There are 2 protein chains.
Amino acid sequence: MSEPDPVGRDALHFCLNLNRATAVLTRHIDHRLSALHGLSLNDFTVLHSVAQAPQGKVRRSDLATQLGLTASGVTRLLLPLEKIGLITRLPDIRDARISYVALTPTGSELLSHALSSAAHISEDLIGHVPGMQLRALSTLLDSLK
Amino acid sequence: MSEPDPVGRDALHFCLNLNRATAVLTRHIDHRLSALHGLSLNDFTVLHSVAQAPQGKVRRSDLATQLGLTASGVTRLLLPLEKIGLITRLPDIRDARISYVALTPTGSELLSHALSSAAHISEDLIGHVPGMQLRALSTLLDSLK
DNA sequence: GACATGTATTTGATAGATCAAATACATGTC
DNA sequence: GACATGTATTTGATCTATCAAATACATGTC
């Protein structure tokens with residue numbers, strides 16, 4: 001009994017489940033990061049991405065890709081971060097359309113604390129999942145561009 | 001070389017990746033479902049959840065859980081769906097605080113088409129992932145409450 | 001049966017993100 | 001070097017979801 005029935009039904013349920021789980025997960029992280037450092041998950045991801053980047057700077061459009069946001073969403077996300085002095089704006093000498101994001105000393109300092117918090121929070125939320133399985137899902141997620 | 005470094009760093013990268021991928025994925029689905037049926041992914045999930053429910057009705061708070069939204073978010077999500085006649089509101093005889101959501105014939109009809117679209121869209125987006133792995137990951141996601 | 005406490009839902013104010021259009025610049029072609 | 005086309009970013013209007021507080025009802029206790 002119980003015909004699971006084909007035609008993308010598994011894929012659909014996976015998507016619905018992903019949607020639900022991610023909403024819950026990011027809300028948790030948002031709350032905790034916000035309480036500890038006054039940062040949302042996306043705020044944190046900006047700082048982290050910039051810090052990881054080759055020259056310590058990223059193009060705004062690359063941030064959009066890394067966050068899964070639109071360019072417009074990035075503009076609005078960065079606005080308050082720049083205003084409170086966590087990030088700065090750097091021009092590109094070759095191409096005046098491009099604007100890089102870099103960390104200020106303050107941003108860098110805040111990140112160093114937030115990074116450890118974020119890691120602990122994540123570990124707390126999904127630490128019970130075996131590392132191998134985690135990496136499997138991670139590579140699956142990478143395939144979703 | 002390359003020390004991955006412990007203490008929840010894998011967990012953190014997983015969360016960031018999950019956040020990015022889900023944003024992209026749901027935006028895709030939103031666009032396509034919206035073009036075909038005028039429904040967002042969450043709209044669709046509401047119809048689908050209600051249709052799946054035991055008596056064809058769900059409490060609003062249960063919908064919140066299934067969608068990963070807050071109760072307040074559900075209220076606002078359902079409002080237009082009720083207004084355009086896809087769902088109705090049913091009272092609970094025993095407990096006047098509770099309000100159930102049920103499909104109207106129109107909602108049910110729309111769902112029958114949207115369900116097949118949604119399944120195809122999902123298949124399209126993540127069909128390349130082996131089914132076994134999908135189910136494994138789905139159960140992983142279930143463990144995130 | 002009045003009262004304190006708890007649960008389900010809604011509401012007001014606000015943040016976060018989207019889209020479509022605008023701006024500003026770059027690049028190739030004639 | 002003017003022009004059509006394309007890319008990076010920002011802006012205006014709008015939508016979605018949040019939080020905190022309010023409402024409405026239920027339940028246990030005294």
Side-chain angles (χ1 to χ4, degrees), chain A residues 19-35 38-46 57-84 87-102, chain B residues 19-35 38-46 57-84 87-102:
Chain A
N19 189 37
R20 176 196 58 73
T22 303
V24 172
L25 197 84
T26 64
R27 213 166 36 242
H28 270 266
I29 300 180
D30 264 339
H31 283 151
R32 297 178 62 180
L33 269 187
S34 165
L39 294 174
S40 72
L41 174 56
N42 279 349
D43 291 338
F44 167 78
T45 307
V46 167
K57 62 181 187 181
V58 210
R59 294 192 316 181
R60 299 163 106 73
S61 60
D62 289 341
L63 270 182
T65 306
Q66 293 180 49
L67 285 156
L69 296 183
T70 61
S72 165
V74 167
T75 294
R76 300 191 135 101
L77 175 60
L78 297 186
L79 209 57
L81 296 181
E82 188 174 0
K83 193 161 292 175
I84 64 178
I87 60 175
T88 347
R89 178 181 294 260
L90 298 179
D92 183 310
I93 301 171
R94 305 294 178 89
D95 188 336
R97 292 170 303 176
I98 294 176
S99 173
Y100 293 97
V101 182
Chain B
N19 189 38
R20 176 196 58 72
T22 303
V24 172
L25 196 86
T26 64
R27 211 163 41 240
H28 268 266
I29 301 181
D30 265 339
H31 283 152
R32 297 179 61 179
L33 268 186
S34 166
L39 294 174
S40 73
L41 174 56
N42 278 349
D43 292 338
F44 167 78
T45 307
V46 167
K57 62 181 187 180
V58 209
R59 294 192 315 182
R60 299 162 107 74
S61 60
D62 290 341
L63 271 182
T65 305
Q66 293 179 49
L67 285 156
L69 296 182
T70 61
S72 165
V74 167
T75 294
R76 299 189 138 101
L77 176 61
L78 296 185
L79 210 57
L81 296 180
E82 187 174 359
K83 194 161 291 175
I84 65 179
I87 60 174
T88 350
R89 178 181 293 261
L90 299 179
D92 182 310
I93 302 170
R94 304 294 179 88
D95 189 336
R97 292 170 302 178
I98 294 176
S99 173
Y100 292 98
V101 182

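Model, not experiment: these values are computed from the prediction.
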Write out a two-atom table: protein N or O, nucleotide N or O from nucleotides 11-15 of chain C, distance below 3.5 Å.
residue : atom : partner : partner atom : Å
C/dT11  : O4   : B/S72   : OG           : 3.0
C/dG12  : N7   : B/R76   : NH2          : 2.8
C/dG12  : O6   : B/R76   : NH1          : 2.5

Starting at the 5' end of DNA chain D, which residue's closest nucleotide do you reach first, B/G73 or A/R89? A/R89

Could you state the atom-to-atom distance from CG of B/L63 to C1' of C/dT9 in whole Å? 13 Å

With the side chain counted from C-beta on, respond yes when A/R27 and B/T70 share a heavy-atom pair under 4.5 Å apart, and no when they do not. yes

Taking atom C1' of D/dT16 as reference, at what distance in whole Å does atom CG of A/N19 sit? 13 Å

Go nucleotide by nucleotide along DNA chain D from the 5' end; which of B/N42 and A/R60 gets its closest nucleotide reached first? A/R60

What heavy-atom pair brings A/R89 and A/S99 nearest, and what distance separates the two atoms? CG-OG, 3.3 Å

Looking at every heavy atom in both B/G68 and A/A23, which two are closest together, and how far apart are they? O-CB, 3.4 Å

Measure the shortest side-chain to side-chain distance between B/L67 and B/L77 over non-hydrogen atoms and say whether it is less than 4.5 angstrom. yes

When you look for runs of 3 or more Watson-Crick or G-U pairs in a row, both distances below 3.5 Å, which of them include DNA chain C? C:1-30 with D:1-30

Closest-nucleotide 5' rank along DNA chain C - winner of A/L77 and A/R94: A/L77

Kindly compute the distance separating NZ (B/K57) from CG (B/D92), expressed to the nearest 0.5 Å. 6.5 Å

Rounded interatomic separation in angstrom, taking CZ from B/R32 and P from C/dC19: 15 Å

For B/F44 and B/L33, work out which heavy atoms get closest and say how close. CB-CD1, 3.7 Å

For nucleotides 4-7 of chain D, list the nitrogen or oxygen atoms of the protein found under 3.5 Å from its nitrogen or oxygen atoms, one pair per line.
residue : atom : partner : partner atom : Å
D/dG6   : N2   : A/R97   : NH1          : 2.8
D/dT7   : O4'  : A/R97   : NH1          : 3.3
D/dT7   : O2   : A/R97   : NH1          : 2.8

Using modelled atom types only, decide if a donor and an acceptor are shared between the side chain of A/D30 and the backbone of A/L41 within a distance under 3.5 Å. yes

Protein-nucleotide distance (A/L69, atom CG; D/dT10, atom P), rounded to Å: 14 Å

Rounding to a whole Å, what distance do you find between B/L78:CG and D/dT16:C1'? 13 Å

Just how far, in rounded Å, is P of D/dA8 from CG of A/D62? 9 Å

Does a side-chain N or O of A/H31 approach OP1 or OP2 of D/dT18 to a distance below 4.0 Å, or not? no

I need the NZ-P distance between B/K83 and D/dC15, as an integer number of Å. 12 Å

Would you mind classifying the nucleic acid contact of A/D30 as base, sugar-phosphate or nothing, using non-hydrogen atoms under 4.0 angstrom? nothing

Walking DNA chain C from its 5' end, the first of B/A71 and A/S40 to be reached, judged by nearest nucleotide, is B/A71

Quick check: do A/V58 and A/Q66 have side-chain heavy atoms less than 4.5 Å from each other? yes

Enter the distance from A/S34:OG to A/I29:CD1 here, rounded to the nearest 0.5 Å. 13.0 Å

Starting at atom CD1 of A/I29, determine the distance to atom P of D/dT18, rounded to an integer number of angstrom. 15 Å

Nearest heavy-atom neighbours spanning B/Y100 and B/R59: CE2-CG, 3.4 Å

Taking the side chain as every heavy atom from C-beta outward, state whether A/L78 and A/L63 have any pair of such atoms under 4.5 Å apart. yes

Where B/T22 and A/N19 come nearest, the two heavy atoms and their spacing: CG2-CA, 4.2 Å

